[in-house]
Trainee: 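A single structure is presented below for examination.
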Amino acid sequence: MSKVRVKQEESLSIKFIHQMKVGDNRRLDLYFFLPKEMGIGPHSLNEEEYYHSAITGRRSYYSTGLHLPLVQSRFASQKKRTVEEFRLYLNLFAYQFAVAIETDSKELRQIEEPEEFFTALRDLSELVAQLLKKFRRNEPSDPKRKPYFENADNYLSWFCEQQLLKLLSRAPRGSEYSEMIETVVTQCRAEHQHRDARRYNSQQTQDDPNRISNKMLLLRRLIQQGVVLKDELKTLGTGLKKMTTGFATAMVMLVVSALIIKAQGVFSGLTIALVLTLAVIYGFREIFKEDIRNALWRFIQKGRPKWSRILRDTTSQTAIAKQLVWLDFMKTSELPDPITDILKRRHSQNKLDAEVLHYGIHTRVTQKEFLTGYTSIQEQVNFSLVPFARYLERGKAKIYKESDGKISNDSVERRYQINMILALKSGKGETEYARYKVTMNRSTIIDISQSDIPEGIPLME
């Protein structure tokens with residue numbers, strides 16, 4: 001598996017996924033080259049606002065057996081475990097199960113070929129049935145453990161039914177696949193009947209979409225306890241920013257004071273001319289004070305991380321990893337030499353001026369062992385391109401063609417191409433690189449493709 005996977009998440013979002021083991025020291029940098037014709041840059045996009053509104057992440061314990069968790073080993077010795085240990089392993093399985101089905105469903109929805117779609121749908125439905133059967137085979141009889149199991153069973157049953165129905169609602173139409181559709185529908189009905197038989201949800205809750213949805217969100221949060229790591233995000237440089245503001249104000253006031261003294265020497269006594277001169281001086285102070293402060297802060301902040309994050313185990317509250325995060329616009333002249341060499345490989349028609357948005361994250365993972373059976377944590381970072389899309393133009397052009405003396409036209413959409421370069425450095429090893437091209441329009445991402453990089457530059461595996 002690739003060290004860093006890049007994939008389309010929604011119509012206008014990109015997800016980066018990578019795993020880290022005990023003791024890892026990893027630096028990951030992402031460079032987005034945004035063509036200037038898109039109109040996106042430091043003058044139109046605030047980095048801090050974009051970070052808080054459009055970049056989301058999830059960090060959790062990870063198992064390579066994502067689709068076939070070791071169910072039997074998790075519950076075989078449940079009688080020897082405490083209630084809290086049972087709940088932890090139950091949550092580990094339920095969360096892994098839900099993530100696996102969710103991931104497979106999103107990938108399946110990207111398939112447009114009917115035969116390929118229904119083949120993948122059949123495999124997914126069989127996998128769901130198999131995992132649910134294994135899970136329910138280990139239902140505890142202890143009344144202290146039973147509520148935790150029922151919560152997980154209720155959620156997984158509902159979630160799997162929803163994923164399958166969602167796939168069917170978007171499935172290609174065709175009478176030759178009616179038998180397959182009926183099989184999946186029967187499976188969904190069976191899950192609904194299973195929840196009814198166990199009386200997991202009241203009739204009033206089932207009849208109200210808002211109530212059932214909110215209840216399942218609550219159950220999802222319950223099964224994430226002990227699996228998804230707790231984020232403690234802190235903004236860096238708060239004190240330094242205050243000092244910068246004070247210094248900028250002092251510089252401005254120094255100039256203003258000098259001008260006031262000079263004006264008093266020119267005008268004798270309190271005159272209208274002196275008052276007007278002082279008004280102009282104070283007006284210019286208000287105009288330039290903010291600009292000077294921002295320019296000084298950008299100079300001081302340049303190259304420094306903007307946020308720090310501590311990842312904690314939600315059960316033991318132990319610190320699992322520490323991260324430093326960067327997000328800023330860079331000048332092309334400030335890029336590392338390998339990045340510049342990679343950009344030179346572009347075709348001449350693609351060598352357009354671009355704004356460079358840089359995202360960096362440096363992670364130090366604890367040397368202590370993780371939970372039993374887990375040797376790595378997985379980080380998923382999702383970048384929404386919606387703030388980019390709002391600056392783009394809608395396609396209004398038409399292409400004309402002639403056939404047998406008749407002239408027709410086709411509407412064409414305006415597309416933009418974003419070059420994206422990843423740089424990964426693990427420990428003391430050499431930095432590895434990968435380049436992608438993201439083609440998008442105002443409403444969706446058209447394509448994400450990986451491109452070659454020059455020989456001599458380490459390629460990310």
Trainee: Any sub-3.5 Å donor-acceptor pair from Glu334's side-chain atoms to Lys331's backbone N or O?
Mentor: yes

Trainee: Between Met420 and Lys437, is the side-chain contact (heavy atoms from CB on, under 4.5 Å) condition met? List the steps.
Mentor: CA-CA 6 Å; Met420 185 173 62; Lys437 290 188 294 185; over 6 Å; no

Trainee: Does Lys7 have more than 12 heavy atoms from other residues, nucleotides or ligands lying within 6.0 Å of its NZ?
Mentor: yes

Trainee: Taking C-beta and beyond as the side chain, do Leu132 and Ser157 meet within less than 4.5 Å on heavy atoms?
Mentor: no

Trainee: Taking the side chain as C-beta and beyond, is there a heavy-atom pair between Asp341 and Ile339 under 4.5 Å?
Mentor: no

Trainee: Which residue is it: Phe33, Tyr31, Trp326? I am looking for the one with a ring-ring contact (aromatic ring centres under 6.0 Å, His included) to His358.
Mentor: Tyr31

Trainee: Checking the side chain of Ser213 only, and the main-chain atoms of Asn210 only, is there a donor and an acceptor separated by less than 3.5 Å?
Mentor: no

Trainee: Answer yes or no: is there a side-chain heavy-atom contact under 4.5 Å between Arg122 and Glu126?
Mentor: yes

Trainee: Side chains of Gln380 and Lys15: any donor to acceptor distance under 3.5 Å?
Mentor: yes

Trainee: With respect to Val6, which candidate in Leu30, Leu422, Ile17 satisfies the side-chain contact (heavy atoms from CB on, under 4.5 Å) definition?
Mentor: Leu422

Trainee: Determine whether Glu232 and Arg312 make a side-chain contact, defined as any pair of heavy atoms from C-beta on separated by less than 4.5 Å.
Mentor: yes

Trainee: Short question: side chain of Ser308, backbone of Thr235 - any donor-acceptor pair under 3.5 Å?
Mentor: no

Trainee: With a 3.5 Å distance limit and no angle check, can you tell me whether Tyr50 reaches the backbone of Ser384 through a side-chain donor-acceptor pair?
Mentor: yes

Trainee: Identify which one of Gln204, Arg211, Gln203 satisfies the side chain to side chain donor-acceptor pair (under 3.5 Å) criterion when paired with Asp207.
Mentor: Gln203

Trainee: Would you find a donor on one side and an acceptor on the other, under 3.5 Å apart, between the side chain of Arg415 and the backbone of Asn441?
Mentor: no

Trainee: Treating Ser403 as the side-chain partner and Lys406 as the backbone partner, does any N or O pair qualify as donor plus acceptor under 3.5 Å?
Mentor: no

Trainee: Can you confirm whether more than 12 heavy atoms, excluding those of Lys21, are under 6.0 Å from its NZ atom?
Mentor: no

Trainee: Return the minimal non-hydrogen interatomic distance between Pro140 and Lys146, and the atom names on each side.
Mentor: O-NZ, 3.6 Å

Trainee: Could you tell me whether the side chain of Gln225 and the main chain of Asn91 form a donor-acceptor pair under 3.5 Å?
Mentor: no

Trainee: May I ask you to check whether over 12 heavy atoms, not counting those of Glu182, lie within 6.0 Å of atom CD?
Mentor: yes

Trainee: Is the positively charged end of Arg220 above the ring of Trp158, judged by distance under 6.0 angstrom from the centroid and angle within 45° of the axis?
Mentor: no

Trainee: Would you call the rings of Phe93 and Phe135 parallel, tilted or perpendicular, taking 30° and 60° as the class edges?
Mentor: parallel

Trainee: Just by distance, do the side chain of Thr444 and the backbone of Ile446 share a donor-acceptor pair under 3.5 Å?
Mentor: no

Trainee: Checking Gln323 against Thr363: is there a side-chain donor and acceptor pair closer than 3.5 Å?
Mentor: yes

Trainee: Scan side-chain atoms only and decide if Asp447 and Gln8 contain a donor-acceptor pair under the 3.5 Å cut-off.
Mentor: no

Trainee: Could you tell me if the side chain of Tyr200 sits less than 4.5 Å from the side chain of Asn151, heavy atoms only?
Mentor: no

Trainee: Are more than 12 heavy atoms, taken from residues, nucleotides or ligands other than Lys322, located less than 6.0 Å from that residue's NZ atom?
Mentor: no

Trainee: So does Glu115 have more than 12 non-hydrogen atoms from other groups sitting under 6.0 Å from CD?
Mentor: no

Trainee: Heavy-atom count check: over 12 atoms from other residues, nucleotides or ligands less than 6.0 Å from Lys425 NZ?
Mentor: yes

Trainee: Any sub-3.5 Å donor-acceptor pair from Asp231's side-chain atoms to Leu233's backbone N or O?
Mentor: no

Trainee: Is there a side-chain contact between Ile14 and Tyr436 (heavy atoms, below 4.5 Å)?
Mentor: no

Trainee: Do Arg136 and Asp153 pass the salt bridge (Lys or Arg N to Asp or Glu O under 4.0 Å) test, and can you show the C-alpha distance, the side-chain angles, and the key distance before you say yes or no?
Mentor: CA-CA 8 Å; Arg136 290 163 183 163; Asp153 186 36; 2.9 Å; yes

Trainee: Of all heavy-atom pairs between Gly360 and Asp29, which one has the smallest distance, and what is that distance?
Mentor: CA-OD1, 3.6 Å

Trainee: Going through the distances and angles, do Glu432 and Lys3 end up as a salt bridge (Lys or Arg N to Asp or Glu O under 4.0 Å)?
Mentor: CA-CA 10 Å; Glu432 300 175 340; Lys3 291 182 179 178; 3.1 Å; yes

Trainee: Quick check on salt bridge (Lys or Arg N to Asp or Glu O under 4.0 Å): which of Arg5, Arg26, Arg59, Arg58 does Glu379 satisfy it with?
Mentor: Arg59

Trainee: For atom CG of Asn409, is the number of surrounding heavy atoms from other residues, nucleotides or ligands below 6.0 Å larger than 12?
Mentor: yes

Trainee: Are the side chain of Thr205 and the backbone N or O of Asn201 linked by a donor-acceptor pair below 3.5 Å?
Mentor: no

